[in-house]
A.B. asks: 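Below: one structure in structure tokens.
Scope of the values below: all heavy atoms of this structure, side chains included, with no hydrogens, waters or symmetry mates. In what follows, chains are A, B, ... by sequence order, proteins preceding strands, each numbered from 1. Keep in mind it's a predicted model, so treat the numbers as computed, not measured.
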Protein chains: 2
Amino acid sequence: MVTRTGAAGRREQILREAARLFAERGFHGVGVDEIGAAVGISGPGLYRHFAGKDAMLAELLVGISGQLLTGAKRRLAEADGAAGPMAVLDSLIEGHIDFALDDRPLITLHDRELDRLRDSDRKLVRQLQRQYVELWVEALRAAYPGLAEPAARSAVHSVFGLLNSTPHLGRPGSLPGRATTAALLHRMARGAFAAAGAD
Amino acid sequence: MVTRTGAAGRREQILREAARLFAERGFHGVGVDEIGAAVGISGPGLYRHFAGKDAMLAELLVGISGQLLTGAKRRLAEADGAAGPMAVLDSLIEGHIDFALDDRPLITLHDRELDRLRDSDRKLVRQLQRQYVELWVEALRAAYPGLAEPAARSAVHSVFGLLNSTPHLGRPGSLPGRATTAALLHRMARGAFAAAGAD
DNA sequence: GTCGACTGTTAATGAGCGTTAACCATTTCT
DNA sequence: AGAAATGGTTAACGCTCATTAACAGTCGAC
């Protein structure tokens, strides 16, 4: 049989389609038969790859949080030392925008379906999210030393809201082009932070 | 019997609790028994007030969109003429922030459960939302004449994302005070718009 | 060549849940 | 007083849906 999706295994294919469907209609709004149909198998066949529907969501959410965190850590390590604190912040913003534009369904899931998880998984995801936020808060306060910690935390969450608005920006075709959109989002995030830093 | 909630009728009480529960666990994640329990009656008693679970969600979403739109129109009418275009924009921002801070559950529902509606209701809500966005786009382009229309539209959606981040800002107690938070959000929205306007 | 491992299939099971039915207490209007 | 409207109750129905059971084809290893 020819695999249409290149070297992506069935698991990855299933996860990608499940993410899309969950983002479109919510975790409870999509059935396992539908997920199966999206990858060409039907219903219970999914159970050869995942322990259950919950396990797919868990793997997705843990994966997202992990990717975001490790990406941010990598960027911090790269940008550290040489460039100033503003460049560090820029790098974080750029990374988050890339993610928001390339994996819109995952961004949607990220803050929408967290409470459907088992306790242990939810705790893990929250911990990863918390670390990610913490990196941003530190970078932001390094760039704007006058900013108090609670205000910085609020500002970071607000900018996440701004950057994560990509799913509302109309379908990919209607955007003025990826690079243009990315640049606009970047400028706005910088502007929002600068305004937050001016007390 | 003493009504604990002042003059609020049962319908309003039910809607308020349903909004809270829907926002917390999603439309499909909460059962009618739960909604009933939240207002002291149980399960099917709700059907004396609403045609069904869908009807509650529909009334909530239509109500939100309508409130936002009429509030914005009122503010535009009041601020028109005298003050400059920047003051108009500020008034819109202020109104949206008030709403986001006072009705956090509704803000959450607003962009999360739209597709659970019947076609006719969904069309209505979308139309109201579109009109609301249009008011903002016009106000923004009046304040920043150099801004092209697609960029302005993207910028408006992004600032909505920023302002609607209030549910992620921690429970009411952990905020540094409502006025402080409102001021921070306002500054950031202005800053984001200014950065979008600088092409 | 045949024995597992792997990946599917369809049918059955069982729980959850929205909705309706049938019934009852209380208030309100005439 | 009595009738109707109002706002509840519990029990039952029926559908959806995740999960499991039982079965089967394919294919590499020994």
A.B. asks: When you look at A:R112 and B:D111, which way does the side chain to side chain contact (heavy atoms under 4.5 Å, CB included) test go after all the steps?
C.D. replies: CA-CA 10 Å; A:R112 198 170 286 204; B:D111 62 45; 4.0 Å; yes

A.B. asks: Mark yes or no for whether B:E113, through its side chain, and B:F27, through its backbone, hold a donor-acceptor pair below 3.5 Å.
C.D. replies: yes

A.B. asks: Once you round it to whole Å, what is the distance between P of C:dT10 and CD1 of A:I41?
C.D. replies: 11 Å

A.B. asks: Can you give the dot-bracket line for DNA chain D, using ( ) for pairs inside the strand, [ ] for pairs that cross earlier ones, | for pairs with another strand and . for unpaired bases, where Watson-Crick and G-U count if both distances are under 3.5 Å?
C.D. replies: ||||||||||||||||||||||||||||||

A.B. asks: How close or far is atom C1' of D:dT20 from atom NE2 of A:H49, stated in whole angstroms?
C.D. replies: 17 Å

A.B. asks: Using atom types as modelled, flag every donor-acceptor pair under 3.5 Å from a side chain in residues 138-147 of chain B to any protein atom, sequence neighbours excluded.
C.D. replies:
| unit_1 | atom_1 | unit_2 | atom_2 | d |
| --- | --- | --- | --- | --- |
| B:R141 | NE | B:L147 | O | 3.0 |
| B:R141 | NH2 | B:L147 | O | 3.4 |

A.B. asks: Measuring from atom CZ of A:R20 to atom CZ of A:R16, what distance do you get when rounded to the nearest 0.5 angstrom?
C.D. replies: 10.0 Å

A.B. asks: Using a 4.0 Å heavy-atom cut-off to protein, can you give one letter per nucleotide of nucleotides 12-24 of chain C, 5' to 3': B if the base is in contact, S if only the sugar-phosphate is, - if neither?
C.D. replies: ------SBB-BB-

A.B. asks: What pairs of residues pass the salt bridge (charged side-chain N to carboxylate O under 4.0 Å, His left out) test when at least one of them lies in residues 45-56 of chain B, not counting sequence neighbours?
C.D. replies: none

A.B. asks: Sort and list the pairs that fulfil side-chain hydrogen bond (donor to acceptor under 3.5 Å, both in side chains) and have at least one residue in residues 85-110 of chain B, not counting sequence neighbours.
C.D. replies: B:R75-B:S91, B:D90-B:H186, B:D90-B:R190, B:H96-B:Y132, B:H96-B:N164, B:D98-B:R178, B:D102-B:R178, B:H110-B:Q129

A.B. asks: Between atom CZ in A:R11 and atom C1' in C:dC6, what is the gap in whole Å?
C.D. replies: 14 Å

A.B. asks: Mark yes or no for whether A:S154, through its side chain, and A:A151, through its backbone, hold a donor-acceptor pair below 3.5 Å.
C.D. replies: no

A.B. asks: Rounded to whole Å, please give me the gap between CZ in A:F50 and P in C:dT7.
C.D. replies: 12 Å

A.B. asks: Could you list the donor-acceptor pairs under 3.5 angstrom formed by side chains in residues 56-70 of chain A, with sequence neighbours left out?
C.D. replies:
| unit_1 | atom_1 | unit_2 | atom_2 | d |
| --- | --- | --- | --- | --- |
| A:E59 | OE1 | A:R11 | NH2 | 2.6 |
| A:E59 | OE2 | A:R11 | NH2 | 2.7 |
| A:S65 | OG | A:L61 | O | 2.9 |
| A:T70 | OG1 | A:G66 | O | 3.1 |
| A:T70 | OG1 | A:Q67 | O | 3.3 |

